[in-house]
There are 4 protein chains.
Amino acid sequence: MNKGRVEAFSDGVFAIAITLLVLTISEPSNYRNLTHELVTRWPALAAYIVSFAIVGIMWLNHHSIFGHLEKVDRPLIQLNLLLLLTIAFLPYPTGVLGEALARGEGTTTAAVFYGVTMVANALAWSALWVYGSWHRRLLNPSFPESERNAATFAFNIGAVVYLIALGVAFLNAYAFLAIQAVLALYYALDPLSRRAAHGPSTPAGAEGTQSEARRAPDD
Amino acid sequence: MNKGRVEAFSDGVFAIAITLLVLTISEPSNYRNLTHELVTRWPALAAYIVSFAIVGIMWLNHHSIFGHLEKVDRPLIQLNLLLLLTIAFLPYPTGVLGEALARGEGTTTAAVFYGVTMVANALAWSALWVYGSWHRRLLNPSFPESERNAATFAFNIGAVVYLIALGVAFLNAYAFLAIQAVLALYYALDPLSRRAAHGPSTPAGAEGTQSEARRAPDD
Amino acid sequence: MNKGRVEAFSDGVFAIAITLLVLTISEPSNYRNLTHELVTRWPALAAYIVSFAIVGIMWLNHHSIFGHLEKVDRPLIQLNLLLLLTIAFLPYPTGVLGEALARGEGTTTAAVFYGVTMVANALAWSALWVYGSWHRRLLNPSFPESERNAATFAFNIGAVVYLIALGVAFLNAYAFLAIQAVLALYYALDPLSRRAAHGPSTPAGAEGTQSEARRAPDD
Amino acid sequence: MNKGRVEAFSDGVFAIAITLLVLTISEPSNYRNLTHELVTRWPALAAYIVSFAIVGIMWLNHHSIFGHLEKVDRPLIQLNLLLLLTIAFLPYPTGVLGEALARGEGTTTAAVFYGVTMVANALAWSALWVYGSWHRRLLNPSFPESERNAATFAFNIGAVVYLIALGVAFLNAYAFLAIQAVLALYYALDPLSRRAAHGPSTPAGAEGTQSEARRAPDD
C-alpha cells in the first residue's frame, strides 16, 4: 500500500462525509408555515456549518501530517481507518445536536454525544501522529527533529482541549457549539506565515514552502 | 497543500453533491395513484434538473478558475471551502423548493431560501476570484493582465444578477426557478469560440486552447 | 478542461450513483415479521441489482468511448453532463419500481417511468457519440474509420432497443425488469476477444489491446 | 480499461460505502428521553463499527490483490463489479441488523441476512482471485508461484469461515456480530512482519516490501 493511495482514499471519505452532512438537516414537515419551520431549524444549520468547517479543516491537517510522512505501514493505515471512522460518524451526532437544539429537548445529551465523538477524534489524531513520529518511525527526513516534540505536544493539547469542551457540553449545549466553532476557526485561521517562518512547527503548518517544493514534481 | 489536491477534493465534493441531489425528490407515498403522485412531483424534478445544471456548470467554472491559478495558499483554500459549503448545501434548498412547489405551499419562502443560497454562492465565487487575482497574487503568468479586470467585473456582475433573481423570488417562485434555469444555460452555452478568439476573457472560457496546451503533459 | 478531468469527474458520479442505489431499498417497518418483510422486498432487491449492473456496465462503456476520443470540447462536456444526469437520476426510478413491485401497486407506471429514464439515457449516449465522432471531430487518429459508422449504428440501435423495452413496460413490469437485466447482461458479457480480433468495432469493445497499449505509459 | 482506472473506481465505491454506513443508524424519535434513545441504539452503533471495519479491511485487501495483478481483462472487471455489489449492499443488512438488535425483534432473521451477504462477499473474493490467478492468467511475474496455492486456499477458507459464521447467525445474533468483529480484527491485525518475512503469502500481506518497491515510482 503506497502513501498516495491512503491519501486518496482518505480524501474520498473526507469529501463524502463533508457533503453528506447536508442530509443531517431534517426536512420541513409543515409547508404552510415554511418560514417558521426553516427559522426554527437555525441551530441545525449552525451545527451543519460547524461540522462542515471541522471536517474541512481536518482534511487540511490530514494532508499536513501525511506530507510529513515518508511512507506508511499497516498499523498506520489501521490508525488512519480509526480516524476516518470518527470523521465518517460525525454526521450522526451533528444531526442529533441540530435537531435537539431546534426542538429544545435533549440538548445536553446531544452536546455530550457530539463532544464524546470529538474527543475520540482528537485521540485518533494523537494516536496517528504519535505512532508515525515515534523515534521518527515513518517521518520524512526533511521534518526537523526540533519540531517533533512540539507537534506531539500540540496534538495532545488538542485532546485536552476537546475534553474541556466536553465538560462545557454538560453545562450548556449552545456554549458547547460555540466552542466547537471557535476551535475550528482557530485551526483554520492559524496563520500560515508564522509557520512558514519557523518551519512546519505543527501539523497545521505543513503546507508551507518546503512541502510545496518537495511536492512540486508530482503536480 | 498543492493545487492538484485542492482540485481533486473540490471535484469530489462537486461529484457527490450533484449525485446526492436525487435524494431531494420525495418518494411517492400513495402507489395506487402512482401516475398522479409522480406527475405532481414535476416541480421537484424541475428543481432537481436546474440544481444539477448549476452544480455541473460550477464544476466547469471551478476548473477554469483553478486553471488560471499558478498556486494556492491557505486563505484561498479556506475561501474554496466556503464556496464548497454553499454548493454542498444546495441539495437542501433544492428539496425544499421542489416540495413547496409540488404542494403549492410555502413557495415564496422556499424560492427566497434557494435564492439566498445562490447569492451566498455568488459572493463566495467573487471572494475566491478577487482574493486569488488581487495584484495577481496567485495568478498564472500566462493569464493576460488585460483580462483581469474584466473577469473581476464578470464575477461581481454575477453576484448582482443573483441578487436580482432573489428579488424575483419574492414575486413568483416559478419565475424564479425559470430564471435560475436561464442563468445556468447562459453560463453553460456561453460559446467557447468567442472566448478562444479573445483569450480567456472570463473564467467560463478557461478551457480554451491555451490551458489545454499548458495542461497537455499532465494528461 | 482536459479529458482526464472529465473522466475522473464522471467516474466519481458513476461510483456515487452505483453506491447510492442501496438507499432505494425501503427499510423494513415491522421487525416482528422481519423474514416476511424482507422476502416481500425481493423485487426491490432485483431492481437494485439490475440498476447496479446497468450503471456498472455504463461506467465500462463510458471509458471505452472516452478511450476513443483524442480531446474534449465544451459541447461534449455538456452532453456528458446530460448523460450523467440520466445516470445520477436512475436511483429514483429504481426505488419507485422496486417499491411498486413489492407493493403490487402502480407497477405499470413505475416500469414506464424507469423505461423513460433509460430511453433518455440511450439518447444521451447517442448524442455524445454522434457529436464526438461526427466527421471524426474529437476522435483519436487510431480509431479506424471503418468502425465509425458501425459504432454510430450500434448506439442508435441501443436507443431503439430501449424504446422497445419501454413498450414492454406498458404490458408487464416484471417482463420489463427482466428485459433490462438481459440488456445489461448482453452489454456486460459481450466477449472482449471477438472485439479484440476485429478491432474496437463497438464502444463496448474499447478496452481492447490497442487502447491498453496506448494507455500503458499513464498507468 | 487499464488497471489503475478499475482500482480508482473500486476505491471510490469503498470510500462511499464506508461513509454511507452512518446513514444506517436510525435517528432518535423521542428527544425528551434522548439519553435512553441513544443508549438503546448501541447495537446499531456496534453493527456500524463492525461493518466500517469490514469495508476498511476489504479496501486494504483489494489493493493487495490488485497489487499482485499485472493487468485486468473484462471478465475480471465484471467479477470485480460483482464484488463491489456485495460491498455497496452491506449498508442495508447493517442497518437491518442494528435496528433488529436495538428493537430486540427479528434478530435471527437480521443476522442471517447479514451473514448471507458476507458469504456472497466471500465467494466474490474467491471468484475474483481464482479467475485472476488461474494458471497465473493475470498475475504479476513477481508473484511467487509457491504462494499461489496458499493464497487460493486462504480465500476458500475465508468462504468456509463465513459459512460457519452464517451458521452461528441462526443461533444467536450477538454471537454472530461478535464473530464478524473478530474476523475483521483477524484480517486487520494479521501482522505485516510475518508476511514480509515469508513474502506475500496471502493477499492480506501484499503491501510488503516488494510491492512498495515496485510501486515507488508511481507515488
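In what follows, chains are A, B, ... by sequence order, proteins preceding strands, each numbered from 1.
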_Neighbourhood of chain C inside residues 96-111 of chain D, taking heavy atoms under 4.5 Å as contact_ =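 Against chain C, the residues of residues 96-111 of chain D that fall inside the cut-off (heavy atoms, under 4.5 Å) are D:Val96, D:Glu99, D:Ala100, D:Arg103, D:Glu105, D:Gly106, D:Thr109, D:Ala110.
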_Non-hydrogen contacts under 4.5 angstrom with chain C: give the residues of residues 33-50 of chain D involved, or none if there are none._
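Hits under 4.5 Å: none found.
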_Which one wins on heavy-atom pair count under 4.5 Å against chain D: C:Leu21, C:Ile25, C:Asp11?_
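The option with the most such pairs is C:Ile25.
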_Within residues 170-185 of chain D or reaching into it, pairs that qualify as side chain to side chain donor-acceptor pair (under 3.5 Å) - sequence neighbours excluded_ =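 Residue pairs passing side chain to side chain donor-acceptor pair (under 3.5 Å), neighbours aside: none found.
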*Could you tell me which residues satisfy salt bridge (charged side-chain N to carboxylate O under 4.0 Å, His left out) with C:Arg137, sequence neighbours excluded, listed by chain and number?*
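Here no residue qualifies.
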*Decide if atom CD of C:Glu27 counts as having more than 12 heavy atoms of other residues, nucleotides or ligands within a radius under 6.0 Å.*
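No - once you tally the heavy atoms of other residues, nucleotides and ligands closer than 6.0 Å, there are 12 at most.
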*Tell me, do C:His63 and D:Asn2 make a side-chain contact under 4.5 Å, heavy atoms counted?*
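Counting from C-beta outward, C:His63 and D:Asn2 never come under 4.5 Å.
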*Below 4.5 Å, heavy atoms only, C-beta onward: do C:Trp59 and D:Ile77 meet side chain to side chain?*
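When only atoms from C-beta onward are counted, D:Ile77 and C:Trp59 do touch, with a gap below 4.5 Å.
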_Applying side chain to side chain contact (heavy atoms under 4.5 Å, CB included) to C:Leu23 and D:Tyr92, what does each step give before you reach the verdict?_
CA-CA 8 Å; C:Leu23 301 181; D:Tyr92 190 73; over 6 Å; no
*Contact part of C:Thr24 toward chain D, heavy-atom cut-off under 4.5 Å: side chain, backbone, both or neither?*
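Neither; nothing under 4.5 Å.
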_Nearest 0.5 angstrom please: D:Arg74 CZ to C:Leu60 CG, how far?_
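D:Arg74 CZ to C:Leu60 CG: 5.0 Å, rounded to 0.5 Å.
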*Which value, rounded to the nearest 0.5 Å, describes the distance between D:Phe9 atom CZ and C:Phe14 atom CZ?*
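So the CZ of D:Phe9 and the CZ of C:Phe14 are separated by 8.0 Å.
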*Measure D:Ile87 against the heavy atoms of chain C and call it side chain, backbone, both or neither at under 4.5 Å.*
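Neither; nothing under 4.5 Å.
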_If you count heavy-atom pairs within less than 4.5 Å of chain C, which of D:Ile16, D:Leu85, D:Leu82, D:Leu81 leads?_
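The option with the most such pairs is D:Leu85.
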